[in-house]
Amino acid sequence: MNQILYTMENQEEKNRAKSIMLFFGITIIIFGLIMVAMGGYRIASAKMAKEEALEAAKIPNITLSIQDNKVKINIKHIREIKDIIYSWNNGEDTVLAVYTDNFTGSIDEEIDIPGGTNTLNIRVVDVDGKTATATQKFTYKGTYMDLSVIDNKSLKIIVTDMIGLQSVTYSWNGEQEQTVYPDENNQSKIEITTDIPTGLNSIKIKSVNRENAVENKEMQVKGITKPTMKINYNSDRTMLNLKLNDEQGIESYSYKLSSAPISEIAENGNIIPNFKEKLTVVTSQTKQGNKQTSITEQLPFQTGFNYLEITIKNTEGVEENFSGWCAK
């Protein structure tokens with residue numbers, strides 16, 4: 001009986017040992033598979049990271065930040081940069097001058113922020129044509145004044161402050177001040193258009209915002225007049241007297257006098273639509289004004305229909321055209 005019990009117990013021990021060995025064997029296999037899978041995942045991840053890094057290196061990296069109401073632009077890349085192009089909102093593109101003779105993989109540029117809140121759009125192109133873009137909103141902190149000359153005779157003043165404005169005061173050449181207040185529906189912006197006096201002038205502008213912060217600006221502005229012309233006859237009506245004037249000085253002028261019999265130009269007392277085709281040139285010249293402020297010319301006055309065309313350009317490049325006719 002004892003022999004039987006011993007044999008059964010010995011068999012059970014052997015079965016338990018086999019089970020333990022099988023369990024450890026399966027565990028080792030599973031652990032090995034997990035290690036192989038993890039190793040494969042790490043290899044795949046490293047490969048993917050390398051591919052992503054290589055892909056990212058193909059285009060420039062753009063970083064934008066703000067400092068002292070300027071946008072700081074930092075560009076990092078493995079190749080030289082060819083163009084940096086930016087625009088505010090949906091405005092025109094501006095190209096920044098790029099100097100990469102000693103390119104070290106990084107370029108720093110800065111641009112002024114216009115008044116208010118605006119969206120900057122920037123495009124960077126490398127020497128291989130690879131392009132990167134960035135878009136970001138920036139707000140000018142404080143009072144911003146934008147001054148621009150319109151048609152050589154008016155100055156447009158735009159003052160913005162996101163806090164709100166109380167008033168804007170301006171004066172030409174120390175004369176009487178003019179004060180403008182914001183509209184109730186838009187207290188962050190004031191627009192002013194003022195005529196520029198002739199010659200060199202000084203304008204002073206002062207703005208006060210809702211927190212009583214004062215901003216002053218002074219600048220020189222040159223007022224430019226347009227050329228003028230007067231025409232009359234001489235005493236015996238044989239010549240046309242031309243009087244050309246411009247306070248800035250006349251750079252050059254040209255004229256053409258044409259003539260034709262009245263019968264070929266007018267029908268029933270009215271000038272025909274294609275009258276210029278009937279004209280014959282009497283005299284045509286281009287002359288230098290030598291910066292004179294006033295010039296007198298005499299042109300022969302013909303019997304019949306006389307048609308005059310004249311162009312005057314002053315020393316500031318402003319050009320005026322005149323035309324007219326008279327008959328005798």
Side-chain angles (χ1 to χ4, degrees), residues 91-93 147-157 172-173 175 191-203 219-328:
E92 295 182 359
D93 285 342
L147 282 67
S148 57
V149 176
I150 304 172
D151 296 331
N152 298 304
K153 62 179 182 180
S154 299
L155 181 68
K156 188 171 186 179
I157 305 167
W172 286 105
N173 305 315
E175 297 179 356
E191 291 191 23
I192 302 166
T193 301
T194 174
D195 292 336
I196 305 172
T198 302
L200 186 62
N201 304 275
S202 174
I203 186 169
M219 68 177 292
Q220 301 290 316
V221 183
K222 193 172 186 178
I224 300 171
T225 59
K226 292 184 177 182
T228 62
M229 183 188 75
K230 292 181 180 180
I231 182 171
N232 54 39
Y233 310 106
N234 65 348
S235 58
D236 56 2
R237 294 176 67 90
T238 58
M239 303 292 288
L240 293 174
N241 295 325
L242 307 183
K243 184 70 176 295
L244 316 181
N245 294 283
D246 190 279
E247 294 182 23
Q248 307 299 315
I250 298 170
E251 183 69 29
S252 63
Y253 62 101
S254 60
Y255 57 82
K256 181 171 72 174
L257 178 66
S258 305
S259 182
I262 295 178
S263 59
E264 296 181 11
I265 297 299
E267 291 181 356
N268 301 321
N270 297 314
I271 304 298
I272 62 176
N274 60 338
F275 74 92
K276 290 185 181 181
E277 298 175 4
K278 307 290 185 179
L279 297 173
T280 300
V281 176
V282 176
T283 181
S284 178
Q285 292 194 53
T286 298
K287 297 184 177 183
Q288 295 301 309
N290 299 318
K291 300 181 181 180
Q292 300 178 77
T293 58
S294 182
I295 296 174
T296 300
E297 280 278 351
Q298 283 194 324
L299 304 181
F301 186 45
Q302 306 292 308
T303 300
F305 181 89
N306 292 261
Y307 183 72
L308 176 67
E309 294 178 324
I310 184 165
T311 298
I312 311 169
K313 183 169 72 173
N314 71 10
T315 55
E316 298 294 337
V318 179
E319 189 173 279
E320 283 288 279
N321 298 290
F322 304 91
S323 63
W325 62 273
C326 53
K328 137 178 167 177

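Note that these values count all heavy atoms, side chains included, but never hydrogens, waters or copies made by symmetry.
Between atom NZ of residue K256 and atom OG of residue S323 there is a gap of 11.0 Å, rounded to the nearest 0.5 Å. Atom NZ of K278 and atom CD1 of I271 lie 13.0 Å apart (nearest 0.5 Å). With values rounded to the nearest 0.5 angstrom, N232 atom CG is found 10.5 Å from R237 atom CZ. To the nearest 0.5 Å, the span separating CD on Q288 from CD1 on I250 amounts to 11.5 Å. Interatomic distance, NZ of K226 versus CD1 of I312, reported as 13.0 Å (0.5 Å rounding). To the nearest 0.5 Å, atoms NZ (K276) and CD1 (I265) are separated by 11.5 Å.
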### Task
Would you check, one step at a time, whether the test side-chain contact (heavy atoms from CB on, under 4.5 Å) holds for W172 with I196?
CA-CA 8 Å; W172 286 105; I196 305 172; 4.1 Å; yes

### Task
Evaluate side-chain contact (heavy atoms from CB on, under 4.5 Å) for E251 paired with N314, printing each intermediate quantity in order.
CA-CA 5 Å; E251 183 69 29; N314 71 10; 5.9 Å; no

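Across every non-hydrogen atom of L279 and A260, the tightest pair is CD2-CB, 4.0 Å. In this structure, L257 and P300 approach most closely via the heavy-atom pair CD2-O, 3.0 Å. Of all heavy-atom pairs spanning I262 and A327, the tightest one is CD1-CB, 3.8 Å. The heavy-atom pair separating L240 from C326 by the smallest distance is CD2-SG, 4.0 Å. When all heavy atoms of N201 and G223 are compared, the closest pair comes out as ND2-N, 3.8 Å. Here the shortest heavy-atom pairing between Q248 and T315 reads O-OG1, 2.9 Å.
Other residues, nucleotides and ligands contribute at most 12 non-hydrogen atoms within 6.0 Å of the CD atom of E267. Surrounding CD of E309 are more than 12 heavy atoms belonging to other residues, nucleotides or ligands, all under 6.0 Å away.
At least one donor-acceptor pair under 3.5 Å links the side chain of N234 to the backbone N or O of M239. Between the side chain of N173 and the backbone N or O of E175, no donor-acceptor pair lies under 3.5 Å.
Screening E319, K313, E297, E320 for a side-chain hydrogen bond (donor to acceptor under 3.5 Å, both in side chains) involving Y253 leaves a single residue, E297.
The aromatic rings of F305 and W325 lie parallel to each other, with less than 30° between the two planes, well short of the 60° mark.
Listed by chain and number, the residues in a side-chain contact (heavy atoms from CB on, under 4.5 Å) with D195 are S154 (sequence neighbours excluded).
Defined by atom type and a distance below 3.5 Å, a donor-acceptor pair is present between the side-chain atoms of N241 and Q298.
At a threshold of 4.5 Å between non-hydrogen side-chain atoms, the residues T293 and E247 do not count as touching.
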